[in-house]
Amino acid sequence: MPNPKILIVDDDKGIRTQLKWGLNGYDVITADSRANALEQFTLHHPPLVTLDLGLPPDEEGTTEGFATLKEILKTAPQTKVVIVSGSKVINNAEIAKSYGAFEYYSKPLDISRLQKIINSAFKNYQTSLIKE
Amino acid sequence: MIIEVISFATASVLFLMLGLAMLTGRRDNRPKTMLAVAALASAIWSGTVTYQAAFSNLIDTSFLLESTLLLELLRSLAWFAFLLVMLRTAYKTSDQINKHFKITFAGLSIFVIGLMMLVLYRVSGGAFFELVAGNDVLIGHLLISIGGIVIVEQLYRNTAGEHRWALKYLWIGIGSMFAYDFYLYSDAFLFQRIDNELWNARGFIHAMVVPLIAVAIKREMQWSLGDESIDIFLSRRMVFHTTTLLAAGAYLIFIGFGGYYVRDMGGEWGVVAQATFLFAAVMVLVVLLFSGQIRSRLRVAIDKHFFHYKYDYREEWLRIIRTLSSDVSSSHSLHLRAIRSLAQIIDSPGGLLVMERNNGYYESDEHWNYSNENIREAGDSTFIRFLTEQQFVISLDEFAADPEMYTRLGPLDIPEWITNNKDAWLVVPLMLQDHLMGIVVLLRSPAHERYFNWEDSDLLKTAGRQAASHLAQYEAAQALISAKRFEEVNKLSAFIVHDVKNMVSQLSMVVSNAARHKNNPVFIDDAIVTVENSVTKMNKLLSRLREGGSSDQLAPICLSELLEESLHSYSKSGVLPIPVLNSINQNVMVTADKDRMSANIAHIIQNAQDATNEKGSIIIRLKTQGEFAIIEIEDTGAGMDAAFIHDKLFQPFESTKGTMGIGVFQVREYVHKLGGQLDVESTPNKGSLFRLHIPLSSSQEITHNPQIVHLNEHEKRQ
């Protein structure tokens with residue numbers, strides 16, 4: 001059985017590269033912007049997505065990230081999206097959850113912690129598939 | 001003879017007083033000057049008549065008699081001049097009448113001067129005009145009095161309704177003067193002699209005119225029928241003493257009559273009763289005169305009812321505003337100017353400003369010729385509470401003399417930091433609505449002894465309010481500047497935190513990943529790329545910190561390329577409706593930061609996508625107009641009503657989407673920063689059109705500039 005796919009959306013090249021090496025048991029696809037992410041998502045239909053909120057051209061805000069989140073969940077509501085953000089705005093987590101994100105994880109990244117969150121997201125995804 | 005003397009002397013004295021009063025105050029008022037001339041001419045004439053009557057037995061009065069004839073004519077001429085000046089003011093608006101006026105005035109002048117010549121001729125002994133001899137002057141006087149009555153009647157008719165209640169006294173007074181003269185001279189003409197009784201009464205009759213004129217002046221300082229006004233200045237002290245003396249005199253006369261009555265009715269006790277009565281009355285008078293309370297009440301009553309205001313409020317107000325809002329860049333702070341604006345009202349040489357602080361205390365803020373102390377007054381002290389509740393200007397002299405005057409309104413202790421300064425004189429509250437923002441303590445005016453009255457207090461209190469609102473405005477502006485700085489720091493720290501977190505993340509991942517993949521050469525390559533990426537990020541961060549947080553890199557950018565690039569990514573993302581480029585003008589260059597420009601355009605496109613359903617359309621146009629590039633983004637979406645555009649669209653942090661990204665507010669701010677503008681046209685249920693005007697890059701006209709070519713080549717080489 002092939003590894004489940006995960007889409008890593010982050011504008012930082014170093015993060016994308018290292019997450020590719022660090023996440024065990026997943027087939028990693030990467031994207032660096034909203035348009036690129038939606039393109040890759042349509043192409044691969046990954047059950048899992050990690051999403052940075054600060055995407056170009058609004059790296060210091062959250063519009064691009066939230067727009068990507070909404071569009072992904074609109075296309076495939078069962079997708080488990082883990083928000084990985086460096087933004088320090090407190091209510092971003094609440095907003096993300098209200099849009100349907102699975103988890104909100106604040107940078108800096110600890111790979112083993114993120115691995116656990118992604119594993120649990122995948123389990124959750126499988127459970128929801130069985131229920132359906 | 002004695003009656004004649006008293007009669008004309010009274011007239012002379014009263015007219016002299018009126019004339020002198022009219023010479024005080026401002027001089028640039030024609031009716032006022034003419035009234036002064038007329039009154040003084042009357043005074044001189046009556047004075048000469050008095051003198052002639054008093055000394056006719058002792059000296060040769062033939063010269064005097066001739067002079068009085070001439071002076072009487074001069075006096076008539078002066079009154080005519082006054083009436084005509086008033087009449088001209090009344091007629092001011094009409095040129096036609098103005099012409100008539102000139103003719104009338106010239107005619108009358110010639111007539112009166114002719115009469116004077118005639119008098120001179122007769123005095124010189126000539127026997128011309130035998131036919132009317134003896135009656136010519138008489139007829140002349142008759143005609144003058146008729147002319148006077150006619151002009152007064154004209155004036156009364158031409159006085160606007162709202163002025164009548166004041167000016168009618170003037171017209172009645174002057175009219176009766178001429179009417180009496182008419183009666184006197186017609187009687188003289190009929191019986192060929194001047195009636196002695198009528199002549200003697202003439203002085204009294206004329207004297208009666210003066211109080212009527214005074215009433216008119218009192219009733220309306222804005223006297224004229226136009227906008228010229230009459231102001232009179234009389235020393236308050238003089239009026240106070242005169243009033244006191246008159247009152248005392250009237251009282252004594254009344255008591256004198258009382259005394260006679262007591263003696264007449266008292267029989268045996270008559271003289272004793274009279275002496276006792278008079279003595280008691282004088283004692284009462286002395287007690288009254290020495291009573292401070294009665295004196296001060298009289299003073300206030302005179303101030304309030306007999307005087308025009310102590311200040312020229314228009315001037316004072318302009319001066320206060322000028323002082324408060326003088327050049328901000330000047331070396332004097334607003335706080336210093338606030339003290340000075342209040343001090344100049346009452347000629348105070350210095351003052352201290354005490355302002356409320358966030359901790360609830362009132363602390364010294366600024367001083368001007370006032371020994372600087374560190375002052376701290378608790379917000380709940382009786383002093384602060386009194387000022388807040390009563391909103392009074394406290395006169396420290398008054399408080400020292402009669403504390404109860406203040407304390408009956410509420411508890412009040414003057415703090416030591418004020419009483420320690422012996423020159424401290426007034427405490428002015430700076431009220432902002434019902435809140436005490438601060439206090440100004442003013443020093444005593446050394447130049448002259450000024451007594452402080454209700455008018456000073458009212459003006460200071462109001463000026464204090466004005467100063468408070470200026471200070472509040474200043475403080476709000478300062479707070480805004482601090483908030484902006486804080487926001488800048490916040491922004492700066494936000495991107496530092498963001499970038500550092502990313503760097504920490506990737507480097508720590510390199511370390512943790514190395515544990516598993518260190519023998520994989522591909523990983524090593526990737527690790528090097530990651531570290532390189534971090535180094536680039538750090539360098540960017542450092543350069544941004546050096547530039548103070550601004551990441552803008554202004555460079556000429558080609559808008560058509562930028563639009564094509566961003567639309568390409570939109571078409572790949574699959575979000576509907578896909579924006580379509582229409583009528584693209586190639587090679588439109590503007591100078592801006594490429595990333596921010598593209599973020600701003602992207603924001604408007606996203607808004608359009610959010611507002612438009614999948615079947616709708618979004619059209620983008622690029623054109624130039626004069627020195628501007630125009631980007632139009634038009635959608636067929638939900639649209640906005642005018643109220644939303646006006647009240648909400650451009651508000652920062654206002655979003656219908658629950659996120660706090662770049663709003664239309666920031667797009668507009670950025671476009672403004674570039675020297676452009678953002679227009680919005682929208683109709684609900686039809687769609688919106690956003691139009692960005694951005695100044696064309698100066699290199700637009702010089703596309704073939706070698707520098708640009710060089711830059712491009714340089715980029716290619718890189």
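Quick note: numbers below take in every heavy atom, side chains included, and nothing from hydrogens, waters or symmetry partners. Residue numbers begin at 1 in each chain, while the letters A, B, ... track the order of the sequences. Fair warning: this is a prediction, and the values are worked out from it, not measured in the lab.
Counting all heavy atoms, side chain and backbone alike, A:Q18 lies closest to B:Q506 at CG-O, 3.7 Å. When all heavy atoms are compared, the tightest approach of B:R516 to A:G22 is NH2-O, 3.0 Å. For the pair B:S505 and A:P108, the tightest heavy-atom approach, listed with the atom from each and the gap, is OG-CA, 3.2 Å. Contact between A:I111 and B:S512 at its shortest, heavy atoms only, is CG2-OG, 3.3 Å.
Contacts of B:N520 with chain A are made by side-chain atoms alone, with heavy-atom separations under 4.5 Å and no backbone atom involved. In this structure, the portions of B:V522 lying under 4.5 Å from any heavy atom of chain A include both its backbone and its side chain. Proximity to chain B (any heavy atom under 4.5 Å) is restricted, for A:K74, to the side chain, taken from C-beta onward. If you measure heavy-atom distances from A:L53 to chain B, you find no contacts under 4.5 Å at all. In this structure, chain A has heavy atoms under 4.5 Å from both the backbone and the side chain of B:V510.
Applying the ring pair (Phe, Tyr, Trp, His ring centres under 6.0 Å) rule to pairs touching residues 15-57 of chain A yields A:W21-B:H517, A:W21-B:F523, sequence neighbours excluded.
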Start with the C-alpha gap between A:I15 and B:M509, add the side-chain angles, then the distance that decides, and say whether side-chain contact (heavy atoms from CB on, under 4.5 Å) holds.
CA-CA 8 Å; A:I15 301 238; B:M509 280 196 289; 4.2 Å; yes
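To the nearest 0.5 angstrom, A:T17 atom OG1 is 10.5 Å from B:N513 atom CG.
Across A:D12, A:D10, A:T68, the residue that shares the most heavy-atom pairs under 4.5 angstrom with chain B is A:D12.
Among residues 530-537 of chain B, the residues having any heavy atom closer than 4.5 Å to a heavy atom of chain A are, in sequence order, B:T530, B:N533, B:K537.
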